[in-house]
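A short worksheet on the structure shown next.
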Number of protein chains: 2
Amino acid sequence: MKKIAEPTVRRLSLYLRFLEDFEKAGRSTISSGELARSGGTTSAQVRKDLSFFGSFGKRGIGYSTHDLTAHIREILGLDRVWHVVIVGAGRIGSAMAGYYGLRERGFHVVAIFDADPRRVGQALDDLTIADVRHLEADVRRLHAHIAVLAVPSDQAQGVAARLAKAGVRAILDFSTAPLTLPEHVTVRRMNVPLELEALSHALAAR
Amino acid sequence: MKKIAEPTVRRLSLYLRFLEDFEKAGRSTISSGELARSGGTTSAQVRKDLSFFGSFGKRGIGYSTHDLTAHIREILGLDRVWHVVIVGAGRIGSAMAGYYGLRERGFHVVAIFDADPRRVGQALDDLTIADVRHLEADVRRLHAHIAVLAVPSDQAQGVAARLAKAGVRAILDFSTAPLTLPEHVTVRRMNVPLELEALSHALAAR
DNA sequence: CGGTGCTTGTGAAATCGTTCACAATCTAGA
DNA sequence: TCTAGATTGTGAACGATTTCACAAGCACCG
């Protein structure tokens, strides 16, 4: 499988949403132009992005919504269930645990951890908050693939290293600390202050 | 002021964090190489980024942490206070309201809104949840600059349009809906499912 | 005061990503 | 079967961003 550019992956994820809407609306084909309009891009961009699948659009017609949906789901690895653990049962961790959209897309939260003894044992949605001391054992037992890191920034590196050692190869990091991890661990950051600062810059720049 | 490339702005934001640490640690100068190591980039990249300030590093020595911090803060518009409103007092909205890393950096949450009558009037940290029906009036009265949009995706467009009309020119959007807004409104997205899908892709690609 | 060791600033080259432009292909309709 | 209209697939041009490479500047030391 050819390597797909990072920005393309992000757009595929967007296209997928619109495709699902189109499919629900009973449309059996969709053109690059329509996808472009939904996703705020251009039809040429859409076609380039989709050219990773080889060519299976129909000239004069467009793409089969059903087939395209299936292809994108496969490329994104959404044709299977991923086990997700959340570390940190504070506000962000709890919010993630209750994020309904995730389960729908195959991201099953199988455990949530916290270091605070007062929180350990409490129920959160259909989970019980586990003690972070058992992190490694639980991660292995539950075959967790992805971790959501929602701990204070000063603990992020330590917890991330433990997760990596326990076999987690993908981390969604809500902390603002830079993480040093083995090559094979993919990290994506949700850095709220950073995004606000980008907005601040945009506002200030005039 | 020259226009600064988007990726550069993001990195400046990162540099700023390390600079603050270095300054606290009593370091009066820092080299591009040190900043690069902290920020996971290269020294050439750092110097290119900083070249937007003209040249005020000292060859053989590096940059004055104090001056560089001040410059970056100014570029990012962090030398002032921004008024932030949060729309949606669900889990994500509440998490943002309680995120005190924000106040530290000059982002003052001045109001939080919700549409649910059961939530309106409740206390949340030092705020009282306001009725989203008063959104426009409150945004104007409080001189809100930035909005955090944490409402269900199907309501995002409607609320965003109201915010824009009330004068908000920067939105941090946690929904997954595509927003159509006037040119002069800057939007940054925090799309959790999208980031998880990028991780899923990375895991699946082998 | 000249040499050595660092480190900046910056053109130029390389890489990466987007947009353009058009031939090729398909459907529908006459 | 032929034509008109729509849309894909893709090489090539373009634009943006990163990396390279090195001259120039500064501090320290003998």
Query raised in the report: NA contact type, B:F53, heavy-atom cut-off 4.0 Å: base, sugar-phosphate, or nothing?
Result: nothing
Query raised in the report: Would a distance-only check, ignoring hydrogens and angles, find a side-chain to backbone donor-acceptor pair under 3.5 Å from A:S38 to A:E34?
Result: yes
Query raised in the report: When you measure from the side chain of A:D114 to the backbone N and O of A:A89, does any donor-acceptor pair fall under 3.5 Å?
Result: yes
Query - Interface with DNA chain D, restricted to residues 57-67 of chain B and to heavy atoms under 4.0 Å - result: B:R59, B:G60, B:I61
Requested in this report: Please work out which residues in residues 42-52 of chain B have a non-hydrogen atom less than 4.0 Å from an atom of DNA chain C and list them by number.
Outcome: B:R47, B:K48
Report task. Mind checking side chain to side chain contact (heavy atoms under 4.5 Å, CB included) for B:V187 and listing every partner two or more places apart, or none if nothing turns up? Result -> B:I171, B:D173, B:L179, B:L181, B:V185, B:R189
**Report entry** Flag, side chain of A:T69 to backbone of A:L19, donor-acceptor distance under 3.5 Å
**Finding:** no
Query raised in the report: Tell me the salt bridge (Lys or Arg N to Asp or Glu O under 4.0 Å) pairs involving residues 40-49 of chain A, sequence neighbours left out?
Result: A:R11-A:D49
Query raised in the report: Does A:R105 reach the main-chain N or O of B:L196 with its side chain, forming a donor-acceptor pair under 3.5 Å?
Result: no
Report summary line: With sequence neighbours left out, the residues meeting salt bridge (charged side-chain N to carboxylate O under 4.0 Å, His left out) with B:R80 are none
**Report entry** More than 12 heavy atoms of other groups within 6.0 Å of A:R141 CZ
**Finding:** yes
**Report entry** A:H83: ring pair (Phe, Tyr, Trp, His ring centres under 6.0 Å) partners, not counting sequence neighbours
**Finding:** A:H145
Query raised in the report: Residues two or more places apart in sequence or in another chain: which of them pass side chain to side chain donor-acceptor pair (under 3.5 Å) with A:R59?
Result: none
Report task. Applying side chain to side chain donor-acceptor pair (under 3.5 Å), name anything that partners B:E104, two or more places apart in sequence or on another chain. Result -> none
Requested in this report: Measure the angle between the two terminal helix axes of the helix from C:dC1-D:dG30 to C:dA30-D:dT1, five base pairs each, and quote it to 10°.
Outcome: 10°
Query - Atom pair CZ (A:R133) and CG (A:D138), whose distance is rounded to the nearest 0.5 Å - result: 12.0 Å
Query raised in the report: At what distance, to the nearest 0.5 angstrom, does CD1 of A:I146 lie from CZ of A:F107?
Result: 5.0 Å
Report summary line: In the 5' to 3' direction, the nucleotides of DNA chain D bounding the stretch that comes under 4.0 Å of a heavy atom in chain B are D:dT17 to D:dA27
Query raised in the report: Which residues within residues 5-22 of chain A lie with some heavy atom under 4.0 Å of an atom in DNA chain C?
Result: A:A5, A:P7, A:R11
**Report entry** Residues A:R91 and B:D125 bridged, charged N to O under 4.0 Å
**Finding:** yes
**Report entry** Near-strand residues of residues 26-40 of chain A, defined as heavy-atom separation under 4.0 angstrom from DNA chain C
**Finding:** none
